[in-house]
Amino acid sequence: MKDRPCRATVFSPMSELHRHLRLKALSVLQSMGLPEAAAEAALRLEPPKNKDHGDVALGTFALAKLVGKTPPQFAAEFAQQIVADGVLASAAAAGPFVNFKFQRAALAKDVLTMVMRGAAPYGIAASNGQVVVIDYSSPNIAKPFHIGHMRSTVIGGALRRIHRHLGATVHGINHLGDWGMPFAKMMTAYMHWGDETELAKAPMRYMFELYKRYSKEAKDNPALDDEAAKHFQALESGVDNQERRMWQFLRDESLKAFQGPYDRLAVTFDAITGESFFEDKMEAAMQRVVQSGVLELSDGAEVVWLKELGIKEPCLLRKRDGTTLYHTRDLAAAFYRESTYHPNRILYVVGAEQKLHFDQLKGVLTRMKEPIALAVEHVPFGLVLSKNPESKWEKFASRAGNAVFLDEILDEAVQKVRQVIAEKNPELEDKEKVAEQVGVSAIIFNDLKNSRIKDVKFDWETMLNFEGETGPYVQYACARLSGILRKAEQAVPDASKIDFAQLADAERVLLTMLDFGSAVQRAAEQSEPSIVTAQVIALAGEIHSYLRDHHVLGAEPAVRDARLLLVDAARRLLTTGLSLLGIPAPERM
RNA sequence: GCGCCCGUAGCUCAGCUGGAUAGAGCUUCGGCCUCCGAAGCCGAAGGUCAGAGGUUCGAAUCCUCUCGGGCGUACCA
């Protein structure tokens, strides 16, 4: 409880190869007269810009400065003193750089045995002691689960798996929007125009229709908003009244309806504690704010000013009419999460348009001198856009109306996959299952492909095309590898029986596999699943290229065995990578 | 107005926190299925990294300004 939350300083999953290289480099640096600590800090081993240079590169600018030599001079001297061994093949100076190369057999052995053992970072790591709370998806009840909700759901789901993979204890939370004014507006609409039998037929769609009508009519009739505010007050009074019963009904129906998309997207939660969960926790939270002395009255509302933190707009915690706000509930939620989970990080996977909200939340906690303030991290993402008739990008709109149910999008993608299967693999078994797996994955993959802050530009022409950097492309690589293993009609040989020297020609595949750990690590640190997506695309590409010139089944026994192991390992790692994204890897497609 | 984000090939984007000749995919064009899956592979074409200054050995990356686009700006979430 007294532990100050801090940014993840997680153990970096360095491979044995890198560890070996680093130790060796450090000992040479010390023999060259550099103090250990200085050498440690200045020894920045990084991937070379150009793969042809080597496996690992070292820019010697900082190191050279420490000993007062020019970088090229230093690099030459340093490289000369590195002696090749069973792991390290060479160290070559190139101007101010030193390029290292691993022994190919050692590279293959290290990567493949680790992958096959499921050892970290290729498999799930042992506990790293980190606790991460992730708040994602969080749709509003009684509204359709539409394309806009998908981003938070899919990004959050991926982050949850990525942190788990790295050994963190993760609490995935669906902070349902089941409280507040939107719901009260819907209730108002129902009381005016609602029809019980219509509601029973298709609650979600019907309520959405009513909500749209409300939005339209409220423009000319502000009295509706006043009425809604009253309903919200009645709801928040805690009394078992009409409002509460209706709220319960809509919440239950919504959860039922949301389960559809969640199942299809393979997203799960550890807790569904929506805003309503904090109904009885807000007063205590407000007390805490009062006691910290930062709460002020402004125009009858209770606010916290944040000017000293560079935020002009105050954070409103209670309205003039005494009811609470989004902020109040998020504040109560932050306290609850702190005492319940003791997290190092709390990630809020919420659209970029809500940046101010989270700056304010963090700001209030900061002004209150609450340590949990440091753990609060907004993970923003861009909008989903579609092309309008003038072929300009704008907020997603269907051809027919405004909001689009996610199911409709997924169905359309699955339908396209059915066509492709009929064309390319009509004999396939389980066509329906595979179509669902591939179609839904194409949508998910498209969403996780680019940096999350970029808007997702969603057009059917791109989605219809399953070539290049797409979900189906990676799945296809898996299926192809599975096909080879199937046709081998033998068990994949144990790594202990492999002559790894036979895999010298697979260096590009192996080096890409070697990058997996750092990619997952960076994805977690930056809350950026697209790093994993890119990694998986790269590996699929390398293995596709490799298979062109290197046949497996027809090769000499020693070569065949080694390649079978490579194929199996690549398949496993691709499957793992995809699974982090929430994407299955069918054996045939 | 103020704040934040984005601007890299015709289009959609990478570029691992300041390093070597700026890379992919789509599109276009040209090749590759008697050979483990062509949803694939190989090649070609395509660039004033929005613009101008600055910081330094070195800038797409950091700072300042300008332009363009988006989002947000107290009783919604």
Side-chain angles (χ1 to χ4, degrees), chain A residues 46-50 53 57 59 61 65 70-71 94-97 99 138 140 177 179-185 225 228-229 275 298-303 310-321 323 325-327 329-330 350-357 359-360 380 382-383 385 393-394 417 420-421 423-425 438 449-451 453-455 457 459 461-462 465-477 479-488 515 518-519 521-522 526 530-531 534 537-538 540-541 544-555 563 567 588-589:
Chain A
E46 41 196 36
K49 198 100 182 173
N50 186 332
H53 291 143
F61 305 96
K65 202 168 192 177
T70 67
F97 294 93
N99 295 313
S138 311
N140 296 324
W179 207 246
M181 281 300 288
F183 173 75
K185 289 178 181 177
D225 283 338
E275 295 187 56
S298 174
D299 282 344
E302 295 174 27
V303 310
I311 302 171
K312 236 172 42 186
E313 298 81 2
C315 179
L316 258 86
L317 291 174
R318 203 193 301 272
K319 295 194 278 187
R320 242 194 313 251
D321 67 7
T323 54
L325 290 136
Y326 184 32
H327 279 116
R329 296 185 275 282
D330 257 334
V350 181
E353 66 276 14
Q354 292 195 44
K355 181 178 188 298
L356 177 61
H357 170 77
D359 284 349
Q360 288 174 322
L383 303 166
L385 307 179
W393 292 106
E394 62 182 23
V417 177
V420 176
I421 290 176
E423 201 178 294
K424 310 204 181 228
N425 200 355
V438 175
K449 191 168 67 165
N450 301 141
S451 324
I453 200 65
K454 291 265 165 77
D455 294 336
K457 284 151 186 169
D459 76 305
E461 215 168 298
T462 311
N465 186 357
F466 295 149
E467 288 158 21
E469 297 170 339
T470 65
Y473 171 84
V474 180
Q475 289 176 316
Y476 180 76
R480 213 180 148 187
L481 295 170
S482 295
I484 293 173
L485 295 171
R486 200 162 47 233
K487 280 165 195 148
D515 280 341
S518 84
Q521 183 71 38
R522 276 186 290 127
Q526 299 171 29
S530 66
I531 296 173
I537 291 172
H544 271 309
S545 296
Y546 180 79
L547 290 178
R548 173 202 154 120
D549 296 319
H550 305 88
H551 274 231
V552 177
L553 301 180
R563 289 181 182 168
V567 163
R588 302 174 206 245
M589 62 186 273

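Every heavy atom of this structure was used, including side-chain atoms; hydrogens, water molecules and symmetry mates were not. Just so it is clear: chains get the letters A, B, ... in the order the sequence lines come, proteins before strands, and each one is counted from 1.
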Checklist line | Proximity to the side chain of A/Leu383 - top-ranked nucleotide from B/G25, B/C71, B/A39 | finding: B/C71
Checklist line | From B/A74, B/U73, B/C41, nucleotide with atom closest to A/Asp299 side chain | finding: B/A74
Next item on the list: For residues A/Tyr326 and A/His357, establish whether the separation of their ring centroids is below 6.0 Å.
Entry: yes
Check: If each of A/Ser482 and A/Glu353 is mapped to the nucleotide of RNA chain B with the nearest heavy atom, which maps nearer the 5' terminus, i.e. the 5' end?
Finding: A/Ser482
Note to self: Please report the distance, rounded to the nearest Å, between NZ in A/Lys355 and C1' in B/C4.
What the structure shows: 6 Å
Notebook entry, point to check: Which whole number of Å gives the distance between the C1' atom of B/G15 and that of B/A59?
Noted result: 13 Å
Check: When all nucleic acid strands are considered with a 4.0 Å heavy-atom cut-off, which category describes A/Lys312: base, sugar-phosphate, or nothing?
Finding: base
Item checked: First encountered from the 5' end of RNA chain B, between A/Arg486 and A/Pro314 -> A/Arg486
Next item on the list: Kindly say whether, by distance alone, the side chain of A/Ser298 makes a donor-acceptor pair under 3.5 Å with the base of B/A74?
Entry: yes
Next item on the list: Work out which heavy atom in A/Glu467 is nearest to a heavy atom in A/Thr470; give both atom names and the distance.
Entry: O-CG2, 3.3 Å
Item checked: Short side-chain N/O contact to B/A20 OP1/OP2 from A/Lys49, under 4.0 Å -> yes
Checklist line | Closest contact, heavy atoms only, A/Phe97 versus A/Gly59 | finding: CD2-CA, 3.8 Å
Notebook entry, point to check: Using a cut-off of 4.0 Å on non-hydrogen atoms, how would the nucleic acid contact of A/Gly180 be classed: base, sugar-phosphate, or nothing?
Noted result: sugar-phosphate
Check: For the side chain of A/Ala94, counting heavy atoms from C-beta on, which of B/A39, B/A20, B/G37 is nearest?
Finding: B/A20
Next item on the list: Check every atom of B/C57, B/G1, B/C41 against the side chain of A/Phe61 and return the nucleotide holding the closest atom.
Entry: B/C57
Checklist line | Spacing of the P atoms in B/U8 and B/U21 (rounded, Å) | finding: 23 Å
Checklist line | Between NE2 on residue A/His544 and CG on residue A/Leu481, distance to nearest 0.5 Å | finding: 7.5 Å
Next item on the list: To the nearest 0.5 angstrom, please state how far the CD atom of A/Gln360 sits from the NZ atom of A/Lys355.
Entry: 10.5 Å
Margin query: Can you give me the closest heavy-atom contact between A/Leu547 and A/Val567, atom names plus distance?
Written below: CD2-CG2, 4.4 Å
Next item on the list: With P as the reference atom in both, quote the distance from B/A50 to B/U12 in angstrom, rounded to an integer.
Entry: 15 Å
Next item on the list: Tell me what A/Asn465 touches on the nucleic acid: a base, only sugar-phosphate, or nothing, going by heavy atoms under 4.0 Å.
Entry: sugar-phosphate
Notebook entry, point to check: Closest to the A/His53 side chain: B/A77, B/A14, B/A20?
Noted result: B/A20
Notebook entry, point to check: Is the shortest side-chain N/O distance from A/Ser530 to OP1 or OP2 of B/A14 below 4.0 Å?
Noted result: no
Notebook entry, point to check: Expressed in whole Å, how much space separates the P atoms belonging to B/U64 and B/G3?
Noted result: 11 Å
Check: Given B/G7, B/U12, B/U21, which nucleotide is nearest the side-chain atoms of A/Lys454?
Finding: B/G7
Note to self: So if I take every side-chain heavy atom of A/Ile453 and compare against B/A77, B/C6, B/C2, which nucleotide ends up nearest?
What the structure shows: B/C6
Next item on the list: Quick one: label A/Ala519 by what it contacts on the DNA or RNA (base, sugar-phosphate, nothing), any heavy atom closer than 4.0 Å.
Entry: nothing
Next item on the list: From the options B/A39, B/G25, B/G37, select the nucleotide whose nearest atom is closest to the side chain of A/Val438.
Entry: B/A39
Note to self: Go through it in stages, so that I can follow the logic: the residues are A/Asp455 and A/Trp393, the test is side-chain contact (heavy atoms from CB on, under 4.5 Å), and I'd like the CA-CA distance, side-chain angles, deciding distance and then a yes or no.
What the structure shows: CA-CA 10 Å; A/Asp455 294 336; A/Trp393 292 106; over 6 Å; no
Check: Can A/Phe97 be called stacked on B/G19 when the rule is centres closer than 5.5 Å and an angle between planes below 30°?
Finding: no
Next item on the list: Locate the shortest heavy-atom distance separating A/Met181 from A/Asp225; write the atom from each residue and the value.
Entry: CE-O, 4.1 Å
Next item on the list: Using the P atom on both, measure B/G25 against B/A44 and round to a whole Å.
Entry: 12 Å
Next item on the list: State the NE2-CG distance between A/His53 and A/Asn99, to the nearest 0.5 angstrom.
Entry: 6.5 Å
Checklist line | Residue-phosphate contact under 4.0 Å: A/Lys457 side-chain N/O, B/C13 OP1/OP2 | finding: yes
Note to self: Do A/Leu383 and A/Glu353 have side chains that approach each other closer than 4.5 Å (heavy atoms only, starting at C-beta)?
What the structure shows: yes
Check: Base, sugar-phosphate alone, or nothing: which one does A/Ala534 contact when heavy atoms must sit under 4.0 Å apart?
Finding: nothing
Check: Within a reach of under 6.0 Å around CD of A/Glu461, are more than 12 heavy atoms found that belong to other residues, nucleotides or ligands?
Finding: no
Margin query: Base, sugar-phosphate or nothing for A/Leu316? Non-hydrogen atoms, less than 4.0 Å.
Written below: base
Next item on the list: Confirm from the modelled atom types if A/Asn99 and B/A20 form a donor-acceptor pair under 3.5 Å, side chain to base only.
Entry: yes
Notebook entry, point to check: Taking only side-chain nitrogens and oxygens of A/Trp393, does any of them come within less than 4.0 Å of OP1 or OP2 of B/G69?
Noted result: no
Margin query: For a quick check of understanding: with a heavy-atom distance under 4.0 Å over all strands, which category does A/Ala352 fall into, base, sugar-phosphate or nothing?
Written below: nothing
Give me, pair by pair, the N or O atoms of the protein and of nucleotides 33-36 of chain B that are less than 3.5 Å apart, along with how far apart they are.
residue : atom : partner  : partner atom : Å
B/C35   : O2'  : A/His551 : ND1          : 3.3
B/C36   : O3'  : A/Lys487 : NZ           : 3.3
B/C36   : O2   : A/Val552 : N            : 3.4
B/C36   : O2   : A/Leu553 : N            : 3.0
B/C36   : N3   : A/Val552 : N            : 2.8
B/C36   : N4   : A/Leu547 : O            : 2.7
B/C36   : N4   : A/His550 : O            : 2.9

Checklist line | Distance, C1' atom - from B/U27 to B/C11, rounded to whole angstrom | finding: 8 Å
Checklist line | Stacking check A/His544 vs B/G40 (5.5 Å / 30 deg) | finding: no
Check: Heavy atoms under 4.0 Å, any strand shown: does A/Leu481 hit a base, just sugar-phosphate, or nothing?
Finding: nothing
Margin query: Strictly below 4.0 Å: does A/Tyr326 bring a side-chain N or O up to OP1 or OP2 of B/A77?
Written below: no
Next item on the list: Choose from B/G19, B/C71, B/G37 the nucleotide whose nearest atom is closest to any side-chain atom of A/Glu46.
Entry: B/G19
Check: Can you tell me how far the CD1 atom of A/Ile484 sits from the NE2 atom of A/His551, to the nearest 0.5 Å?
Finding: 8.5 Å
Next item on the list: Using both pair distances under 3.5 Å as the test, note the stems of at least 3 consecutive Watson-Crick or G-U pairs that include RNA chain B.
Entry: B:1-7 with B:67-73, B:10-13 with B:23-26, B:28-32 with B:40-44, B:50-54 with B:62-66
Check: Taking the side chain of A/Pro47 as heavy atoms from C-beta outward, which of B/G19, B/C76, B/C16 is closest to it?
Finding: B/C16
Item checked: Euclidean distance for P, B/C26 against B/C41 (whole angstrom) -> 8 Å
Item checked: Nearest-0.5 Å distance that lies between atom CG in A/Leu325 and atom CD in A/Glu275 -> 10.0 Å
Check: Using atom P of each nucleotide, how far apart are B/G54 and B/G7 to the nearest Å?
Finding: 24 Å
